[in-house]
Engineer: 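What follows is a single structure, and I will ask about it in a moment.
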Number of protein chains: 2
Amino acid sequence: MSQQSGATLEDVAAVAQVSRATAARALNGYGYVGHGTALRVREAAEQLGYQTNRVAQALRSGRLRIIGFVPGDIQNPFFARIAHDVDVALRRRNYNVLIASSEENTDQERQVLAGLRALNTQGLILAPASTEDNHHILELVREGVPIVLIDRLVKDVACDSVTVDNEAGAWAAVEHLVAKGHRRIGLLRDEAPIFTTQERLAGYRKALTDFGIAFDERSVVSTKPTVGDAIAATGRLFKRRTSPTALLTLDSVMTQGALLALRSAGLSIPGDVSLIGFDDFALATFTDPPITVVAQPTAEIGRLAAQLLLERLEQRDLPPRIVRFQTELIIRGSVRCLPGQMNRD
Amino acid sequence: MSQQSGATLEDVAAVAQVSRATAARALNGYGYVGHGTALRVREAAEQLGYQTNRVAQALRSGRLRIIGFVPGDIQNPFFARIAHDVDVALRRRNYNVLIASSEENTDQERQVLAGLRALNTQGLILAPASTEDNHHILELVREGVPIVLIDRLVKDVACDSVTVDNEAGAWAAVEHLVAKGHRRIGLLRDEAPIFTTQERLAGYRKALTDFGIAFDERSVVSTKPTVGDAIAATGRLFKRRTSPTALLTLDSVMTQGALLALRSAGLSIPGDVSLIGFDDFALATFTDPPITVVAQPTAEIGRLAAQLLLERLEQRDLPPRIVRFQTELIIRGSVRCLPGQMNRD
DNA sequence: TCCGGATGTGAGATCGATCCCAGGTCATCT
DNA sequence: AGATGACCTGGGATCGATCTCACATCCGGA
């Protein structure tokens, strides 16, 4: 590990009284090796507790069996779940996962990626912090670095990706609210220029248009991606005279903020305000009432991203594979049917 | 990253028309280098976008600037938080964090550690899966591998650690319940032989003894560490005639299971059953009522573990530093004062 | 003028695994 | 008998960064 890092191939060879080359052949099973010799080498290796030095191996071969995983925030259960699935899938193939969060910051993302490249990392699973500022990512793709984008896409970059149809998801949420008679539908969003937020916002606007509801700028509140800021932002939204009868929150942090803000304002869900959150998470089923959400296939994303990456590692010239999962509206108890509406569920 | 991994020191030296040795001196700032030469080299490096190859560096120096982080389960918000803090603290010092979950399995832990050792990893932050089965960990410590245990200790192993006083935490929870008049206090625990669970159980038993309550084996239920199993286990506990009036859950997964089970059994909190959970988590403040918990100083653990590790990397012969944080009982609304009891809060 | 130290520079070795190639020993086949 | 080829083994080079050591210079002081 660091101190006496154990026996080297040279040591094994010495004990087995052969050359390094022969020892390597015996242990890695290629080329010609005599029966007795092979046995002696394997015994020597066993006896010395020999383990190949992955660093030396990497220098020679140019490939360190490490994959970089760069989420926006590892504390977000969404990414934690993906991290776990990626770890499991890649370890099965003898890769390790190096996790380095971008903390939703493009500069940090750049630094992290530079560090990973210097490590001869074999590939990347990345949730880009920004849709626009993508020069460094384009560069990687251009150089042929195996890379799978998750959760978010980047403009003009052709590479493997696993995302979700955010626009349709938000659209479906609004449709559901409209069907229940809501027309003043507020929106709480993260202010960062993240792909998912933009798509979800687009879905919201499209739905309003489709259902003949005028878009009201004042119904949309942007805020920093912390629960505290989300609480304050929700407060602003519901302080106005004609406040919304329903609220769509664009991610789980926003949902948590909204929940706390509404509670402390004495507004009941769904009595006073109906709520739909984007992204399902444990909390949503524990509140009273449980919250209706737009769920993403969280369990699929990490597994698939790892698989795509492994395939690309084996075959570099594959065309980009772009996967979009559909979301699912999980109806729980946080949406109320407004009076004068037929409850059609 | 993997394809054309960029310029090497050799290339830089060629452009600057010097030898590798001189280029290295110029870039790393040691030995004698002429002014003009140094400038030429730096310009050449700049122009070629030279980055040192960390793998080659690691082979030469025997040290790859990577730290292994081995949690029990990266999806547990407790570990996710620690992972984040460790990542931040170590990246500041140019280390990367390689995360590999043991999934609470000793065999997998062994494999993971072997993989990390083969990588020349510089150090480890580890939450051991088992208290007993510790041969592999002892071995590492004996070899002088820098290692910091978190959350859990291992028998007979003398190394740095950052843990929490679980026994006192559980004791305080029981004390609180007793003060509110409860005497039939159930316990829901993970069945795995994890250090924290054992300590918390000990605290529970000690408190019962201290308050003159007989320990009743049937009040303690063990289960696999999944929400589903915890639900079933809770069900068993409350199906008996004289079921507990209060429940202590030993980790957040158990707490979630208990919450769902009690709800579906139509038992209200705290009306029918009082509840205290070990480990605070977002959910606890969102339920109705919010849940009284034994909180750990989650924000401190990762930061401190990283710091201890960095210190040890610089100075190997430090004596083991053993840090125990105190827990904090956060009183919310899930404990009821039984009739005939003075409410002393 | 000559010498010692300060100053610059490069050749070569090293880290450990891997692989090419040359050299060797056999047995078999013509 | 000589040749062909299968089988086995080791020497040495390679990956890229770093460090030791030897070799140059050039200066001021003796």
Side-chain angles (χ1 to χ4, degrees), chain A residues 1-42 44-45 48-65 94 115 117-122, chain B residues 1-42 44-45 48-65 94 115 117-122:
Chain A
M1 186 83 66
S2 70
Q3 303 282 72
Q4 52 261 51
S5 193
T8 72
L9 187 60
E10 177 104 49
D11 301 331
V12 174
V15 170
Q17 310 214 303
V18 295
S19 70
R20 290 177 347 269
T22 303
R25 275 189 295 261
L27 294 174
N28 300 329
Y30 65 96
Y32 291 111
V33 190
H35 269 94
T37 315
L39 193 64
R40 272 204 333 277
V41 171
R42 278 195 297 269
L48 295 174
Y50 171 76
Q51 267 196 300
T52 69
N53 180 327
R54 289 172 67 187
V55 171
Q57 207 170 40
L59 178 59
R60 181 84 227 285
S61 67
R63 44 190 80 251
L64 188 57
R65 291 182 80 89
N94 291 321
R117 112 167 303 183
L119 260 181
N120 280 16
T121 300
Q122 280 310 285
Chain B
M1 186 83 66
S2 67
Q3 303 283 72
Q4 52 261 53
S5 193
T8 72
L9 187 60
E10 178 104 50
D11 301 331
V12 173
V15 169
Q17 310 215 303
V18 296
S19 69
R20 286 177 351 266
T22 302
R25 276 190 292 260
L27 293 174
N28 299 330
Y30 65 95
Y32 292 111
V33 190
H35 269 95
T37 315
L39 193 65
R40 270 202 337 274
V41 171
R42 279 195 297 269
L48 294 175
Y50 170 75
Q51 269 196 299
T52 76
N53 180 326
R54 289 172 66 187
V55 171
Q57 207 170 42
L59 178 59
R60 183 83 228 285
S61 67
R63 45 190 80 254
L64 188 56
R65 291 182 80 89
N94 290 321
R117 113 167 303 182
L119 259 182
N120 279 15
T121 299
Q122 281 307 284

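Each chain gets a letter, A, B and so on, in the order the sequences are listed, and its residues count up from 1.
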Engineer: Compare side-chain N and O positions of B/Tyr30 against OP1 and OP2 of D/dC19 and report whether any pair is under 4.0 Å apart.
Structural biologist: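 Yes, such a contact exists.
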Engineer: For the side chain of A/Arg25, counting heavy atoms from C-beta on, which of D/dT9, C/dT14, C/dT18 is nearest?
Structural biologist: D/dT9
Engineer: Is any side-chain N or O of A/Tyr32 closer than 4.0 Å to OP1 or OP2 of D/dC8?
Structural biologist: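 For D/dC8, OP1/OP2 do not have a side-chain N/O of A/Tyr32 under 4.0 Å.
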Engineer: Report the distance from atom CG of B/Leu59 to atom C1' of D/dT14, rounded to the nearest whole Å.
Structural biologist: 12 Å
Engineer: Taking the minimum atom-to-atom distance to the side chain of B/Arg60, which one of C/dC19, D/dA17, C/dA6 wins?
Structural biologist: D/dA17
Engineer: Is a side-chain N or O of B/Asn28 found less than 3.5 angstrom from the main chain of B/Arg25, in a donor-acceptor match?
Structural biologist: no
Engineer: Between atom OG1 of B/Thr52 and atom CG of B/Leu27, what is the distance when rounded to the nearest 0.5 Å?
Structural biologist: 9.5 Å
Engineer: Measure CG/A/Asn120 against P/D/dG16 and give the value in whole Å, please.
Structural biologist: 9 Å
Engineer: Phosphate oxygens OP1/OP2 of D/dA17: is one of them under 4.0 Å from a side-chain N or O of B/Tyr50?
Structural biologist: yes
Engineer: Would you say A/Gln57 reaches C/dG16's phosphate, i.e. side-chain N/O to OP1/OP2 under 4.0 Å?
Structural biologist: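 Indeed not, no polar side-chain atom of A/Gln57 lies that close.
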Engineer: Can you name the nearest heavy-atom pair linking B/Ala23 to B/Val18, along with the distance?
Structural biologist: N-CG2, 4.1 Å
Engineer: Quick one: does A/Gln122's side chain have a donor or acceptor within less than 3.5 Å of a partner on A/Asn120's backbone?
Structural biologist: yes
Engineer: Using every non-hydrogen atom in the two residues, find where B/Ala24 and B/Leu9 come nearest and quote the distance to one decimal.
Structural biologist: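 Distance-wise, the nearest heavy atoms are CB-CD2, 3.9 Å.
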Engineer: Just wondering, do A/Asp11 and A/Thr8 contact through their side chains at under 4.5 Å, heavy atoms?
Structural biologist: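 Yes; the side chains approach each other to less than 4.5 Å.
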Engineer: Between atom OG1 of B/Thr121 and atom CZ of B/Arg63, what is the distance when rounded to the nearest 0.5 Å?
Structural biologist: 12.5 Å
Engineer: Categorize B/Thr37 for me: base, sugar-phosphate, or nothing, with a 4.0 angstrom heavy-atom threshold over every strand shown.
Structural biologist: sugar-phosphate
Engineer: Pick the closest DNA chain C nucleotide for B/Gly34 and for A/Asn28 by heavy atoms, then say which residue is nearer the 5' end.
Structural biologist: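 The residue mapped nearer the 5' terminus is B/Gly34.
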Engineer: Going from CZ on A/Arg65 to CD on A/Gln57, what distance comes out if it is rounded to the nearest 0.5 angstrom?
Structural biologist: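 A/Arg65 CZ to A/Gln57 CD: 8.5 Å, rounded to 0.5 Å.
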Engineer: For DNA chain C, what residues of residues 9-23 of chain A have any heavy atom nearer than 4.0 Å?
Structural biologist: A/Leu9, A/Arg20, A/Ala21
Engineer: For B/His35 and B/Ser61, find the nucleotide of DNA chain C closest to each by heavy atoms; which residue's nucleotide sits nearer the 5' end?
Structural biologist: B/His35
Engineer: Can you give me the bend angle of the helix from C/dT1-D/dA30 to C/dT30-D/dA1? Use the axis through the first five pairs and the one through the last five, nearest 10 degrees.
Structural biologist: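 Inter-axis angle at the ends, rounded: 70°.
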